[in-house]
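Below is one structure, written out as structure tokens; comments come after it.
We number each residue from 1, following the sequence as shown. Remember, predicted model here, so these are calculated numbers, not experimental data.
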Amino acid sequence: MNPSFSRLPEPGADERAHSDHLLARLREHIAAHGPMPFAEYMGRCLYEPGLGYYSAGATKFGAAGDFITAPELGDLFARCVAKVIGPVLELLGDEADVLELGGGSGAFAESALLAFHANAQLPRRYLILEPSADLRERQRERLAAALPPALFARVQWLDRPPEEAWRGALFANEVIDALPTTRFTLRAGEVYEEYVALDGEGRLMRVDRPADALVSGAVRHLERDTESSFADGYRSEVLPQLPYWMQAIAGSLTAGVMLFIDYGYVRREYYQPGRSDGTLMAHYRHHAHADPLFLPGLNDLTASVDFTALAEAGNQAGFGVAAYLPQAQFLIAAGLQQAFEDAYADAPDEAARYRLAQQVKKLTLPDQMGERFQAMVLARGTDVVPLPAQMLEADQGDRL
């Protein structure tokens with residue numbers, strides 16, 4: 001193992017065999033077709049059928065997995081999201097649906113549906129767009145066991161975004177960061193794209209090639225928008241396909257809101273001169289490291305979100321930004337204090353009360369998720385967006 005990864009847990013024999021299987025496929029493809037764009041490599045590492053990180057059977061979420069998302073901490077997060085989405089569903093009437101992108105372990109859907117039910121704001125259908133057959137089955141088992149039959153009957157799984165027009169709310173927690181990202185760099189003022197190739201001994205290596213018009217145009221747009229030029233050697237990420245992805249995912253949502261929560265920055269903060277190697281990270285069993293070529297298929301690969309780009313993509317798809325603010329302020333405006341007090345009063349013992357307090361800390365403290373994670377609400381097709389007044393007061397959309 002590379003000395004720089006000596007602190008990472010050693011993979012078991014099955015894990016190593018799994019990674020080697022994907023590695024063999026990657027080598028075959030590169031040998032036959034030449035170096036592959038980093039975005040394609042990342043996509044295969046995450047989503048290759050049966051072998052990609054999200055497509056295979058290993059535990060991903062929670063203490064036994066590689067990372068913990070907000071819904072895994074407990075149900076306070078989902079209760080707050082339901083408090084924001086619920087009034088939108090009520091406004092749109094009996095036809096309103098909820099679409100969750102990437103259902104994870106099913107923890108969010110479980111807590112959200114129970115909260116919608118408690119608030120008498122149930123959607124007609126709770127749709128989960130889940131590309132992983134393995135995760136879909138886990139979600140189905142969890143929700144069937146945890147929900148009353150009448151609530152479970154509202155859940156439907158989708159293979160692709162709805163094609164027919166629909167109304168309601170789309171929710172995505174930590175989805176954009178896992179979209180396969182393009183890596184770019186500058187040489188003598190020209191834009192280059194990062195590729196994955198093979199060295200003389202058949203090992204994966206990263207190389208740079210002149211960027212095509214799409215990637216080059218996306219990078220030049222960043223420079224124009226920030227009124228600055230990237231220095232030679234500067235390396236980062238960009239999602240030139242984001243507007244197309246947004247149109248595909250939300251083009252049929254004719255009235256309602258989209259709520260994205262993820263870690264990231266506004267564009268001027270993302271592309272600071274000092275952040276000269278981008279934000280790409282690999283996560284392996286709760287350890288973060290910086291080598292995406294290490295044990296392909298066993299690592300979650302992510303890049304922070306350019307929320308300015310997300311707003312632009314939303315605008316191009318016909319949506320306006322209704323609110324943009326750090327996760328801590330979003331949750332506080334969405335009634336976190338009341339949700340905590342209600343759960344605290346119902347807690348069966350001191351240990352449960354302690355876990356609730358820890359949940360709030362992780363969700364809101366600046367050095368945890370509170371400031372690193374941002375929330376963006378995009379809306380279209382409604383005269384009003386019934387967001388909490390405190391959320392509108394805390395809106396930082398002018399920073400985009």
Side-chain angles (χ1 to χ4, degrees), residues 70 81 84 101 170-179 181-184 186 191 215 217-231 234-246 249-250 257-281 302-334 363-380 385 387 390-400:
V81 171
V84 173
L101 303 186
L170 180 151
F171 174 67
N173 182 64
E174 291 194 56
V175 169
I176 308 297
D177 67 78
L179 292 181
T181 188
T182 295
R183 293 266 289 170
F184 71 89
L186 277 289
V191 181
V215 172
V219 174
R220 297 307 184 199
H221 171 68
L222 299 177
E223 291 182 316
R224 284 193 302 274
D225 196 46
T226 57
E227 299 177 331
S228 61
S229 296
F230 293 119
Y234 189 92
R235 190 176 296 270
S236 193
E237 305 87 26
V238 68
L239 287 172
Q241 79 277 25
L242 189 59
Y244 310 105
W245 179 88
M246 182 69 81
I249 220 78
V257 301
M258 300 190 289
L259 169 58
F260 293 94
I261 298 180
D262 222 315
Y263 45 90
Y265 313 92
V266 296
R267 178 167 290 154
R268 289 180 182 276
E269 293 175 5
Y270 194 115
Y271 297 105
Q272 287 178 2
R275 190 174 282 117
S276 58
D277 194 34
T279 68
L280 182 71
M281 290 297 293
T302 71
S304 295
V305 176
D306 171 1
F307 275 91
T308 306
L310 189 62
E312 288 173 345
N315 291 164
Q316 288 181 47
F319 290 79
V321 177
Y324 170 72
L325 63 172
Q327 176 174 291
Q329 294 183 41
F330 171 85
L331 294 174
I332 290 165
L363 290 170
T364 60
L365 286 180
D367 62 339
Q368 300 280 334
M369 293 179 169
E371 293 292 332
R372 290 195 305 115
F373 281 69
Q374 311 291 312
M376 178 175 281
V377 181
L378 295 151
R380 83 162 164 192
V385 184
L387 297 178
Q390 193 177 349
M391 190 171 295
L392 297 174
E393 288 164 11
D395 176 41
Q396 298 180 13
D398 58 344
R399 294 177 56 231
L400 293 165

Is the Phe184 ring parallel, tilted or perpendicular to the Phe230 ring (thresholds 30°, 60°)?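 It falls in the tilted class, 30° to 60°.
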Mind checking whether Phe373 and Tyr263 have parallel, tilted or perpendicular rings, split at 30° and 60°?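 Ring orientation of Phe373 relative to Tyr263: perpendicular.
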Side chain proximity check, [X] to [Y], heavy atoms < 4.5 angstrom:
X: Leu400; Y: Phe307; value: yes
X: Tyr270; Y: Thr226; value: no
X: Glu227; Y: Arg268; value: yes
X: Asp277; Y: Arg183; value: yes
X: Val257; Y: Leu387; value: no
X: Leu186; Y: Val191; value: yes
X: Asp306; Y: Leu239; value: no
X: Gln368; Y: Gln327; value: no

How long is the straight-line distance from [atom2] of [Y] back to [atom1] of [X], given to the nearest 0.5 Å?
X: Gln396; Y: Phe330; atom1: CD; atom2: CZ; answer: 13.5 Å
X: Glu371; Y: Gln329; atom1: CD; atom2: CD; answer: 6.5 Å
X: Leu179; Y: Thr302; atom1: CG; atom2: OG1; answer: 11.5 Å
X: Leu242; Y: Leu310; atom1: CG; atom2: CG; answer: 6.0 Å
X: Leu325; Y: Met376; atom1: CG; atom2: CE; answer: 10.0 Å
X: Glu312; Y: Asp225; atom1: CD; atom2: CG; answer: 5.5 Å

Taking the side chain from Asp262 and the backbone from Ile176, do they hold a donor-acceptor pair closer than 3.5 Å?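 Present.
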So does Tyr324 get a backbone contact from the side chain of Asp395, meaning a donor-acceptor N/O pair under 3.5 Å?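 Flag set: sc Asp395 to bb Tyr324 pair under 3.5 Å.
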Nearest heavy-atom pair of [X] and [Y]: which atoms, and what distance?
X: Leu363; Y: Ala70; answer: CD2-CB, 3.7 Å
X: Met391; Y: Ala323; answer: CG-CB, 4.4 Å
X: Pro240; Y: Val215; answer: CG-CG2, 4.3 Å
X: Gln316; Y: Pro243; answer: OE1-CB, 3.7 Å
X: Leu259; Y: Ala375; answer: CD1-CB, 4.3 Å
X: Ser229; Y: Glu223; answer: CA-OE2, 3.4 Å

Against Glu237, only a single residue in Thr182, Thr279, Thr181 fulfils side chain to side chain donor-acceptor pair (under 3.5 Å); can you say which?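 Checked Thr182, Thr279, Thr181 against Glu237; only one passes side chain to side chain donor-acceptor pair (under 3.5 Å): Thr279.
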Testing Arg372, Arg399, Arg275 one by one against Glu269 for a salt bridge (Lys or Arg N to Asp or Glu O under 4.0 Å), which residue passes? Arg399
